[in-house]
Each structure stands twice: as structure tokens, then as C-alpha cells.
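Following: one structure in C-alpha cells, then a few remarks.
A, B, ... follow the sequence lines: proteins, then strands. Residue 1 opens every chain.
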2 protein chains.
Amino acid sequence: MGDETTTGDHYHHGNLRTALLDSALEVLTESGVAGFSMREAARRAGVSQSAPKHHFGDARGLLGALATRAYRQLCDRLEALELDGHDVRDRVGALAAEYVAFAGQNRALFDLMWRMSQFDYTDPELAEQKHRALRALDRGLRGGDAELPDDDTDPALVPSYAVWSLVHGYTTLALEGAIDSSNPDPLAHDLLPAMLALLNLPAPASHS
Amino acid sequence: MGDETTTGDHYHHGNLRTALLDSALEVLTESGVAGFSMREAARRAGVSQSAPKHHFGDARGLLGALATRAYRQLCDRLEALELDGHDVRDRVGALAAEYVAFAGQNRALFDLMWRMSQFDYTDPELAEQKHRALRALDRGLRGGDAELPDDDTDPALVPSYAVWSLVHGYTTLALEGAIDSSNPDPLAHDLLPAMLALLNLPAPASHS
DNA sequence: GGCCGATCTACTCACTGTCAAGATGTACGG
DNA sequence: CCGTACATCTTGACAGTGAGTAGATCGGCC
């Protein structure tokens, strides 16, 4: 790790910032948000306890940067999906599956992402990435080439909000154990598509 | 859980358990889950730092008891709603509104409720109350006198899961700021009903 | 009265986040 | 080549936390 701009990794680490983000992610994954320790993250990066201060300020800053990076990764994955030429339901289903998959593969990170307001962490980029997630969902709903309303309160966005709410709610409830998603019963596995099928989605604006 | 038996609140507090729950709720409300302190809760109850140990074991036990009580309150409120004789959409709308209202009035508590798995807190009663919430929603969906399936994987429950997911997702997204619910725009205020209107809900089993 | 168990306190420990000061390296202008 | 400004990292300290252990205090019951 850290062979970039390595002028000599003795005292000046070179890119401590990303190294700290990585070790912090490791700690977070192992111990969860509740058991997270900034000192432990610094320890694993092979650096002193107060080294993070210069890069992130405090623990909120570290976790906030981690959450922001996570938002970017999630949005990247959602935007990278090949959605063209399918039915609306297929596109939404694919987006939903990706959303749930990301949450399942990054449980602690996913938890953190929706807890930043509790840390009074208000980063403009974080808000922007949340925005981006909604846009990705909306793009899947109305097709890639359709124009997107630039007003967040545009009534045309209601279906997107509905999909997001339903998928997000299912994800959190399932991760929390309120909905038993580990059940081998086929219903559990197909529950999300079944629920999405109950939604009246608008006809695609353009279908080529 | 006797109320008082207050033989004299000098050394033996009488009902320290509930007093601690109250002060813990106070601390939680003020500082959130992240800033919660068991010592502070004990302090406000006018008792030593390790007094909670005998009643709750550790901090997880205290928060768990708090969350369990919160689940009971939420379920009580949902079940107390007068739902008879209305349309399905009215009933679901009323339940949803109550759900959101509870979350808004008890933000920290509501957050805590869906975080207990992070604390490895597995209380049978807590699971039972989660169950109860689903039942309350399902009752609203199919009318009070309709029979409820006793299998959680019954396909007939899919609409209930869908409503729960959508409402819960909207609530958490709104509380987190991903959906701007403080917007004065009427859409924001009517967003939840508008989204619920997109759901294909089954015809009520019995309508009298 | 005298014991016993439940309840609460006092003390301790390892750990955490945060801060202030200082050490160490790098970059740059002379 | 030197030295000074700056970013970066370390050391040491502090208050606060959750969690144990031992002991004090009270009520009830024989």
C-alpha cells in the first residue's frame, strides 16, 4: 500500500489520508459504528493516535469522509448498471437489487451512511451524493435519455421517491431483522420484486 | 415491575429501574445515540454510576430496555387508532401518519429502535414487538375483523410488508435529510400519501 | 435479635476522543 | 549550500466512558 508519491514513507507517510480511510473502513466493518475507534484505525495505519486530526479534524470528520466515499461508490454502482432497452420494471428491479446488494456487502458502511445527521455532519458533497442517488433511481424509472426535473419538489419525482423509500425501507428492515431475509423461503428471496410489482409505475416517457 | 412499594426512598430507591429508564430517555433525547452516556443517566437519576448494572447488566441492556419500551409505545399508538369503517387507503394513511408522527416526536428513540442489532441485542420481547408492528399494519390493511396469517412468509402479507417498507423508508430518509420534509412545498407534506396512492392495495376482505 | 439476599456505593482499570507542544521532514528562496 | 516557513506526525496529558470487584446499607424472614 502507498507506493504512490512515495518520497519516503518514514516520517511523512505520503498519503496517510487514504490509508486512514482504508483502516477506518476495516475497523468499522469489524466493530460496527457503535464499536468504532479512531485510535484503532490510526493504530492499523501504523501511525500515532492523533495523526488523523490533521486530516479529518475529529472522529466525525473521519466517519463523514468514509460515508461520503461510500455514497460515491453506491452511486457509481447504480449508474454503472446497463439499463437500456428493458422494461421499466426490469430497470427498477435491477437498481433495487444493486441497492440491496451494496447494503448487504457493506452493512456497517450502509448503516453509517444514514446516521451522519446524528453526528451533526453536514457536508455539501454528502448532500450532493444523496441527490445523485435519487437521480440514478429516477433515470432508471424514466429511461436514460429522458430529461430529469431539476426541482426536487417536482411531482413527477413522486414515483422515484416511492421506489427509493420502499427499497430503502426494505433494506433497513431486513438488515435489522424486522423482515427475515435469511429465510430460505422463496417469498423472502422474491419479496422485494413482489413488493415493487405492487407499485404503479408511470409508463416510460421514451422507449426508442 | 411493581409500582413503588415505596417503603422509603433513601438507600433503596424503590423503583430505580423505571427512574433510570426515564433519565436515560432524557439523555438519549438530548444527546442522541452517539452521545449517550450511561453514567449521565445514572447521575440524573441521583444514583451512583454503577447502579444500573444490577438492573440492566450493561449499557446495551439499558438501551435495549429503552428500545423495547419504545416499540411497545409505537405499537400501542398504532393499535389505538380508530380504523373501522373507512376505506383501505384511509386506514393505511392513518397508520402511516401515526408512524411518521411517532418517529418525528421521538427521533433519537426511533433511531435507537432500528439499531439494536448493531449492539448484538437479541431480546425475544423486542422481536415480538416488531412482529406486533407488522400485525398492526396488516390489520389496518385488511380490516379489523379479518383473520391474520400466522406464518410470516404467507404471500398474503406482501402488501403489508410493502406498506411498512415504504413508510419506514420514507421516515428514515426524511429524518436523515435525504428527502427534504421540512420543505414548505405542499408536495413535501403530501408526499407520503401520494406515494401510498401508487400502491396497488388488495381489496378489503370484509367491508361490512 | 440475627442472618440473608437484594440493592446501591466506592474504587479501580483499560480505553476513548481531544488538545497543546514539540519533533521531523519537505519545499523554497537566498 | 543554508536556513527559514510550512505541512505532517509524535509525545504526553486530560477528562470522560463502560465495566468489573469489593464492600456498605437496607428490607424481610426465621
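For B/H168 and B/F110, the ring centers sit closer than 6.0 Å to each other.
In this structure, the separation between CG on B/L109 and CH2 on B/W114 is 11.5 Å, given to the nearest 0.5 Å.
The distance from atom CG of B/L16 to atom C1' of D/dT25 is 14 Å, rounded to the nearest whole Å. If you measure from atom CZ of A/F36 to atom P of C/dT16, you get 11 Å, rounded to the nearest angstrom. Taking atom CG of A/L20 as the reference point, atom C1' of D/dC9 lies 11 Å away to the nearest angstrom. To the nearest angstrom, C1' of D/dC9 lies 14 Å from CZ of A/F56. D/dT11 atom C1' lies 15 Å from atom CZ of A/R43, rounded to whole Å. The CG-P distance, from B/D120 to D/dG18, rounds to 18 Å in whole Å.
For the residue pair B/A156 and B/R142, the shortest heavy atom distance occurs at O-NH2, 3.0 Å.
Look at B/D76 and B/R69 and you find no salt bridge, because none of the NZ, NE, NH1 or NH2 atoms lies under 4.0 Å from a carboxylate O.
When heavy atoms are screened at a 4.0 angstrom cut-off, B/S37 is found touching the sugar-phosphate backbone but no base atom.
Residues meeting the side-chain contact (heavy atoms from CB on, under 4.5 Å) test with B/T68, sequence neighbours left out: B/R72, B/Y121, B/D123, B/E125, B/L126. Remark: B/Y71 pairs with no residue by the side-chain hydrogen bond (donor to acceptor under 3.5 Å, both in side chains) rule, at least two apart or across chains. Partners of B/R115 by side-chain hydrogen bond (donor to acceptor under 3.5 Å, both in side chains), not counting sequence neighbours, listed by chain and number: A/Q118.
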Just list the side-chain donor-acceptor pairs under 3.5 Å for residues 193-201 of chain A, sequence neighbours left out, or say none.
{"from": "A/N200", "atom 1": "OD1", "to": "B/N200", "atom 2": "ND2", "distance (Å)": "3.2"}
{"from": "A/N200", "atom 1": "ND2", "to": "B/N200", "atom 2": "OD1", "distance (Å)": "3.2"}

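Using a 4.0 Å cut-off, some side-chain N or O of A/H54 falls inside it from OP1 or OP2 of D/dT8. Side-chain N/O atoms of B/H55 include one lying less than 4.0 angstrom from OP1 or OP2 on C/dC8.
Checked against A/Q49 for a side-chain hydrogen bond (donor to acceptor under 3.5 Å, both in side chains), the options A/R43, A/R39, A/E40 give a single hit: A/R39.
Between the axis at the start and the axis at the end of the helix from C/dG1-D/dC30 to C/dG30-D/dC1 there is an angle of 10°, using five pairs per end and rounding to 10 degrees.
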Can you check nucleotides 18-21 of chain C for protein contacts, nitrogen or oxygen pairs under 3.5 Å, and list what you find?
{"from": "C/dT18", "atom 1": "OP2", "to": "A/A59", "atom 2": "N", "distance (Å)": "2.9"}
{"from": "C/dT18", "atom 1": "O4", "to": "A/R39", "atom 2": "NH1", "distance (Å)": "3.4"}
{"from": "C/dC19", "atom 1": "OP2", "to": "A/K53", "atom 2": "NZ", "distance (Å)": "2.7"}

